[in-house]
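Following: one structure in structure tokens, then a few remarks.
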Amino acid sequence: MQELAIDDREFKQFRDLLYQTAGIALADHKKALVAGRLRKRLEHYGLSSYKQYFDLITTNPPDGERQVAIDLLTTNETYFYREPKHFEFLANTILPARERGVPYRIWSAASSSGEEPYTLAMVCAEAMGVSGNWEIVASDISTRVLAKAQEALYPMERAQHIPQAQLSSYCLRGVGAASGMFKIDKPLRDKIKFMIVNLNQALPDLGRFDVIFLRNVLFYFDRETKCAVVDRVARALKPHGYLFISHSESLQGISEAFTAVRPAAYRKN
């Protein structure tokens with residue numbers, strides 16, 4: 001198959017679709033990324049242009065193909081214990097001050113391939129025990145990364161940021177066909193509920209949370225979408241609950257519902 005290029009009009013079609021569906025605003029320099037991620041889908045269907053693929057997923061798409069395209073266009077880079085100061089604050093300050101005997105709930109609102117919610121589960125297990133009265137809801141718009149997260153199987157090099165004690169307590173070394181991999185142990189996996197959630201739409205009934213991690217997602221949105229997403233998320237957070245965003249993001253000019261308590265960590269007013 002000859003090399004395919006995506007022209008400005010085709011790129012705009014996919015950019016508009018992604019914005020309308022997920023609220024993600026792609027910059028002009030992402031054109032090559034869009035072409036690279038969708039190229040194999042064109043090959044799969046024997047198509048000769050990106051316009052043909054766009055027409056395919058917007059007119060009479062094969063079952064699930066539109067979601068495949070959205071999955072491919074959603075960036076999902078993450079790793080265990082990313083931005084560790086957040087987990088230290090959770091472990092050393094927030095969890096010790098929790099009300100005892102009350103169910104404790106945390107939402108990983110852009111959970112990607114699972115590294116963040118499993119890290120949160122390790123922190124909670126250390127503080128409250130694996131069988132403690134706590135749970136984590138992990139959500140993402142991408143069915144592809146949620147499936148990977150539920151599988152809970154990772155290359156061994158992904159374990160480099162996990163403390164040795166937690167690695168020994170909550171992870172299993174792969175054998176046979178899974179050699180060179182590790183898997184999150186079942187008792188920890190059972191504490192996490194995975195689900196599809198589009199933050200750019202009305203949220204399903206998730207209940208209320210004590211802590212919400214909304215990291216590395218706001219910078220994909222324009223200001224209007226950021227405000228709407230943070231407002232939805234704030235309503236799912238208990239009074240005086242904590243919201244974490246990434247260190248490259250800010251709530252300044254986005255929401256007055258929170259007070260900053262640490263870098264990229266906020267408490268609901």
Side-chain angles (χ1 to χ4, degrees), residues 17-26 57 61 63-79 82-83 86 90 103-121 123-124 134-152 184 188-238 241-246 249 251 254-255 257-258 264 266 268:
L17 175 66
L18 191 62
Y19 182 79
Q20 292 160 9
T21 303
I24 295 175
L26 290 177
I57 64 173
D63 188 36
E65 186 61 31
R66 183 184 174 107
Q67 183 65 50
V68 169
I70 297 300
D71 287 356
L72 289 171
L73 294 176
T74 305
T75 302
N76 300 294
E77 197 280 329
T78 186
Y79 52 88
R82 184 177 188 178
E83 299 187 86
H86 285 165
L90 177 64
Y104 204 83
R105 305 183 73 232
I106 299 179
W107 179 19
S108 173
S111 60
S112 189
S113 48
E115 286 89 336
E116 180 178 274
Y118 287 128
T119 300
L120 288 168
V123 173
C124 288
W134 57 273
E135 73 164 344
I136 293 170
V137 173
S139 70
D140 203 278
I141 193 176
S142 168
T143 55
R144 175 176 56 90
V145 296
L146 283 174
K148 179 175 176 56
Q150 287 177 292
E151 185 182 23
I184 306 299
L188 207 67
R189 300 199 310 268
D190 288 345
K191 301 295 287 188
I192 303 177
K193 178 182 179 181
F194 290 97
M195 58 192 303
I196 299 171
V197 173
N198 185 343
L199 296 171
N200 197 42
Q201 298 176 356
L203 298 179
D205 184 9
L206 301 170
R208 305 290 292 281
F209 295 93
D210 299 278
V211 176
I212 297 177
F213 274 61
L214 183 71
R215 305 193 306 173
N216 301 293
V217 62
L218 290 179
F219 52 64
Y220 293 115
F221 301 146
D222 59 22
R223 184 182 180 280
E224 181 181 359
T225 306
K226 287 178 184 178
C227 292
V229 167
V230 171
D231 180 64
R232 291 186 197 100
V233 169
R235 279 181 264 145
L237 189 63
K238 293 178 182 178
Y242 291 89
L243 174 69
F244 290 87
I245 60 177
S246 80
E249 300 167 323
L251 293 187
I254 301 300
S255 175
F258 298 92
Y266 297 81
K268 187 175 179 180

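Reckoned from all heavy atoms, side chains included, excluding hydrogens, waters and symmetry mates. These figures come from a predicted structure and were not determined experimentally.
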What residues form a salt bridge (Lys or Arg N to Asp or Glu O under 4.0 Å) with Arg105, not counting sequence neighbours?
->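 For Arg105 the salt bridge (Lys or Arg N to Asp or Glu O under 4.0 Å) partners, ignoring immediate neighbours, are Glu135.
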Residues two or more places apart in sequence or in another chain: which of them pass salt bridge (Lys or Arg N to Asp or Glu O under 4.0 Å) with Glu65?
->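 Partners of Glu65 by the salt bridge (Lys or Arg N to Asp or Glu O under 4.0 Å) criterion, ordered by chain and then number, come out as Arg41.
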Please list, chain by chain and in numerical order, all residues satisfying side-chain contact (heavy atoms from CB on, under 4.5 Å) with [X], sequence neighbours excluded.
X      : answer
Pro204 : Met195, Val197, Leu206
Ser255 : Val230, Ala257, Phe258
Ala149 : Phe194

Nearest heavy-atom neighbours spanning [X] and [Y]:
X      : Y      : answer
Ala22  : Ile141 : CB-CD1, 3.5 Å
Ile106 : Phe209 : C-CD2, 3.6 Å
Ala109 : Ile212 : CB-CG2, 4.4 Å
Leu146 : Ser111 : CD2-OG, 3.8 Å
Trp107 : Ala236 : CZ3-CB, 4.2 Å

Between [atom1] of [X] and [atom2] of [Y], what distance do you get to the nearest 0.5 Å?
X      : Y      : atom1 : atom2 : result
Gln67  : Thr21  : CD    : OG1   : 9.0 Å
Ile136 : Cys124 : CD1   : SG    : 4.5 Å
Tyr118 : Ile192 : OH    : CD1   : 5.0 Å
Leu251 : Cys227 : CG    : SG    : 9.5 Å
Leu18  : Leu26  : CG    : CG    : 5.0 Å
Tyr266 : Leu214 : OH    : CG    : 11.5 Å

Is the Phe244 ring parallel, tilted or perpendicular to the Phe213 ring (thresholds 30°, 60°)?
->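 Parallel.
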Contacts of [X] that satisfy ring-ring contact (aromatic ring centres under 6.0 Å, His included) - sequence neighbours left out:
X      : value
Phe221 : none
Tyr79  : His161
Tyr242 : Phe89

Can you list every pair that meets salt bridge (charged side-chain N to carboxylate O under 4.0 Å, His left out) and has a residue in residues 191-204, with sequence neighbours left out?
->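 Counting only pairs at least two positions apart or across chains, no salt bridge (charged side-chain N to carboxylate O under 4.0 Å, His left out) contact touches residues 191-204.
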Summary of salt bridge (charged side-chain N to carboxylate O under 4.0 Å, His left out) pairs that have at least one residue in residues 221-232, sequence neighbours excluded |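 Salt bridge (charged side-chain N to carboxylate O under 4.0 Å, His left out) check on residues 221-232 returns Asp231-Arg235.
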Ser112 and its side-chain contact (heavy atoms from CB on, under 4.5 Å) partner, picked from Thr74, Val217, Thr78, Asn216 |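 With Ser112 as partner, Thr74, Val217, Thr78, Asn216 yield a single side-chain contact (heavy atoms from CB on, under 4.5 Å), made by Thr78.
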With the side chain counted from C-beta on, respond yes when Leu120 and Val211 share a heavy-atom pair under 4.5 Å apart, and no when they do not.
->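 No, their side chains stay 4.5 Å or more apart.
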Using a 4.5 Å cut-off on heavy atoms from C-beta on, say whether the side chain of Thr143 contacts that of Asp71.
->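 With C-beta onward as the side chain, the pair touches.
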How would you list all residue pairs meeting side-chain hydrogen bond (donor to acceptor under 3.5 Å, both in side chains) that involve residues 202-211, not counting sequence neighbours?
->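 Only Asp210-Lys238 qualify under side-chain hydrogen bond (donor to acceptor under 3.5 Å, both in side chains).
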Just by distance, do the side chain of [X] and the backbone of [Y] share a donor-acceptor pair under 3.5 Å?
X      : Y      : value
Asn200 : Ile24  : no
Arg82  : Glu115 : no
Lys268 : Leu243 : no
Gln150 : Arg189 : no
Glu249 : Ser246 : yes

List for me each residue that meets side-chain hydrogen bond (donor to acceptor under 3.5 Å, both in side chains) alongside Thr119, sequence neighbours excluded, and say none if there are none.
->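 Thr119 satisfies side-chain hydrogen bond (donor to acceptor under 3.5 Å, both in side chains) with no other residue.
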